[in-house]
Each structure stands twice: as structure tokens, then as C-alpha cells.
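Heads up, the thing below is written out as C-alpha cells.
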2 protein chains.
Amino acid sequence: MTNDPSTCSNAVLRQAMRRIGQLYDEALAPSGLRATQHGLLATVRKMGSPTMRELAERTVMDLSGLSHTLKPLTRDGYLELVPDPRDGRVRRITLTEKGEIKLGETAKLWRGAQDRFEAVFGKERAVALRSELRFLTSPEFQDAFNDTGAETRTVTR
Amino acid sequence: MTNDPSTCSNAVLRQAMRRIGQLYDEALAPSGLRATQHGLLATVRKMGSPTMRELAERTVMDLSGLSHTLKPLTRDGYLELVPDPRDGRVRRITLTEKGEIKLGETAKLWRGAQDRFEAVFGKERAVALRSELRFLTSPEFQDAFNDTGAETRTVTR
DNA sequence: CTTACATAGGTGCATATGCAAGTTATTGGA
DNA sequence: TCCAATAACTTGCATATGCACCTATGTAAG
């Protein structure tokens, strides 16, 4: 079968994401945060006070998707959207004190999952895998993908 | 920063999934199917008439999640849930004729995305990546992950 | 200034998924 | 035969996300 779904890069990626997501979610469960939420808070902390767009780009998310996803986090007081005084259109995302405290709580939990991941999968191997995955999210890859065989497709974007 | 979110295996996996999902979705758009839906239909065809549980395991999905995800596909007539005469609890998922026709339609589209993926990423490299991702979904990995450092955590499952 | 356009976000709608609970059908004993 | 433990689903609720569309704001031309 040339169209064997078991060779579909997208399907395999999704399956791995489901499993790993489950494992990280389970590890973070005691904190009440999902792995995705923890990732967002940690990324905001690292970036300072990014705008919606900046955070969306960094996380490879759709701007509107991010808008939805942030709702539970702002509702629970971990993040706040502050209007930028320079540009009335911009909202800067800031980590609240409650958010920082929560991140302090999750540090050990996340670290535990991360360490177990590397212990089981292998440190070097994990680094290599993340490197490959990061390449997939690079604009070079996206552009090359969209250009390849473009003649036979309708040009988008 | 030891807790740099850019090194989170889960986060990086999710980001890659979003991007690749977007690319495959775009490629399949003319058919009206999402990449996930196409994957499900193709998997059902390959498996014959799997039960919910069998399909859930194969796709690394939660049984209830699968139940939800199948709704649009049964609603649109691509799949049908047939009660198993042997066991009243079981529902066998069958691809309808409409589903087969649709899969015929998507064959070229999916193939195009898959080929472009391998052309850009590299055939060998793609095979290797999928192999690594498949390992992450294996029960061996899951068990090892859950056992590692289990002493310090509440035993689950 | 005023208009045309580009930017940053927000909303509605729809799919994708997982967990906790509830329902129904099986099955392994006592 | 009847019950307790299981197994296979379904449903309600909540988060995760993307697309199309709408609004407000900023900006470059005229």
C-alpha cells in the first residue's frame, strides 16, 4: 500500500504528541496546570512581556488560537493582558505574581518529567530529536515545503 | 535557565505538530477533509472494520476522544458504527462507499504533501524521524517513563 | 485632513482530545 | 443462577486550536 497511513509524517507526529502530552500532563497534574499551559507561562516568563503576535510566533500558534488558549490562564489570574501605551492595538502578556508562584510550584514537576524523558529516551537522542522537530517549525522548512511542486498547486499565502 | 521551555520535549513536539498539521491540512483542503480525518479514514480502511478500542489503540487516542472525533465523520457519512453481533458492547467502525470514494479523491492530495515532506526533509531523515516518534508511542517507552523515578511519585495506572 | 491599506486582536463556529461518570453487555466465579 | 468485577462505549465538561470575519488603531498617500 503506497498510501499506508502508518507512514504519514503528520499522523505519526500527532500520535507521539498525544502520548508525550499525556505523560507530561500526568506529571504536572498535581499543580492543576496542563503541560500546554505550563509551557505558555514559562515562555511568557522567558520572553518578558511579549505581545500576542510575538508569543504566537514563538509557539508556532495561530494568533486567534492563542487568544482562545490564553483565556483560562487570564481567568485564573496567572497572566494579564496589558494594553501597550505606545500602540493601542497591542496587548502585552504579563506573568502575574500568582503566575510566578505557580511556576515555582511546577518547576520540580516539569523537571521530573523532562529528566525522565531524557533518562528513558537518551539525552543525546532527545537533543537530536528536538533539533529535528525545531527544523520542521523553521520558516525555511515551511517555505521549501510550500515551494516544492508549487507549479501543480494553487499558490497560497 | 535550567527550565528553559525551548528544551521541553512536549512543547517542541506540539509546535512541530501544529506546523506540519497546518501544511497537511492545507494540502488536503480541496477535499474538505482535515489531515486528522483523512488519517482516520485511511487507518480504518487499512484495519478493515476495527472496534473503537482497536482504532483508539492504533492511533494512540483516548477512547472517549476517538468517540468525539468520529462524530463529524459518521455525520457526513464517511464512516458507520455497526454493533457487533457477537458482543453487544462493541461497535465496529466501517468505511462507507462514500468514504472509499473520498479516500480515492484525497489519495493524490495526501501523496503530494507526503512527497513534498520527504523531498524537503529528506527521505532517509523522514524515515528516521518517524521511527523515533513511533518509539515514543510504544508501550515500552511509556512503561519505562512511568517506572523511572517512580519511587518519588504516586504510582498511577 | 481624509481615504485606502496594513496591523493587532477578538469572536463565532467547528474540529480535536482527555478525564470523570454513567450505561449496557460480558464474564468469571460462588 | 446470580452477583461482583470487567470491558466497551457514550456523554458532559473543559482545554486546545485554526479559519473566516469584524473592529479598532496606526500609517502612508494625496
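The chains referred to below are lettered A, B, ... by the order of the sequence lines, with proteins before strands, and numbering in each begins at 1.
Nearest to the side-chain atoms of A/Gln22 among the listed nucleotides C/dG9, C/dA16, C/dC19 stands C/dC19. Of the candidate nucleotides C/dC19, C/dA6, D/dT17, D/dT17 has the atom nearest to the side chain of A/His68. Taking every side-chain heavy atom of B/Pro72 into account, C/dA16 is the closest of C/dA16, C/dG10, C/dG9.
Applying the 4.0 Å criterion to OP1 and OP2 of C/dA16, one finds that B/Gln37 has a side-chain N or O inside that range. Under 4.0 angstrom from either OP1 or OP2 of D/dA8 there lies no side-chain N or O belonging to B/Arg91. Note on A/Thr36: a side-chain N or O is less than 4.0 Å away from OP1 or OP2 of D/dA16. For A/Arg53 and C/dA8, the shortest distance from a side-chain N or O to OP1 or OP2 is below 4.0 Å. Side-chain nitrogen and oxygen atoms of A/Arg92 include none within less than 4.0 Å of the OP1 or OP2 phosphate oxygen of C/dA8. Residue B/Lys71 places at least one side-chain N or O closer than 4.0 Å to OP1 or OP2 of D/dT11. Taking only side-chain nitrogens and oxygens, A/Arg34 never comes nearer than 4.0 Å to OP1 or OP2 of C/dC19.
For B/Glu80, the CD atom sits in a loose shell: 12 or fewer heavy atoms of surrounding residues, nucleotides or ligands are nearer than 6.0 Å. Atom NZ of B/Lys108 is surrounded by 12 or fewer heavy atoms from other residues, nucleotides or ligands within 6.0 Å.
What separates CG of B/Leu40 from C1' of C/dT17 is a distance of 12 Å, to the nearest Å. One interatomic measurement links the two molecules: CZ of A/Arg19 to P of C/dT17, which rounds to 14 Å at whole-angstrom precision. Between B/His38 atom NE2 and C/dT15 atom P the separation is 18 Å, expressed in whole Å. Nucleotide D/dT10 holds its C1' atom 8 Å from the CE atom of B/Met52, rounded to whole Å. Taking atom CD on A/Glu26 and atom P on C/dC19, their separation rounds to 8 Å, with Å as the unit. For A/Leu66 and C/dT11, the CG to C1' distance is 15 Å, given to the nearest whole Å.
Heavy-atom nearest nucleotides on DNA chain D were determined for A/Pro85 and for A/Asp76, and the one closer to the 5' end corresponds to A/Asp76. Heavy-atom distances to DNA chain C give each of B/Arg86 and A/Gly65 a nearest nucleotide, and the one nearer the 5′ end belongs to A/Gly65.
B/Arg130 and A/Thr7 share no donor-acceptor pair across their side chains, judged by distance under 3.5 Å alone.
Using a 4.0 Å heavy-atom criterion, one finds that A/Ser67 contacts the bases of the nucleic acid, with or without backbone contacts as well. When heavy atoms are screened at a 4.0 angstrom cut-off, B/Asp87 is found touching the sugar-phosphate backbone but no base atom.
When atom types are taken as modelled, the side chain of B/Gln22 and the backbone of A/Asp62 share no donor-acceptor pair closer than 3.5 angstrom.
Cation-pi geometry between A/Arg14 and B/Tyr24 is not met at under 6.0 angstrom from the ring centre and within 45 degrees of the axis.
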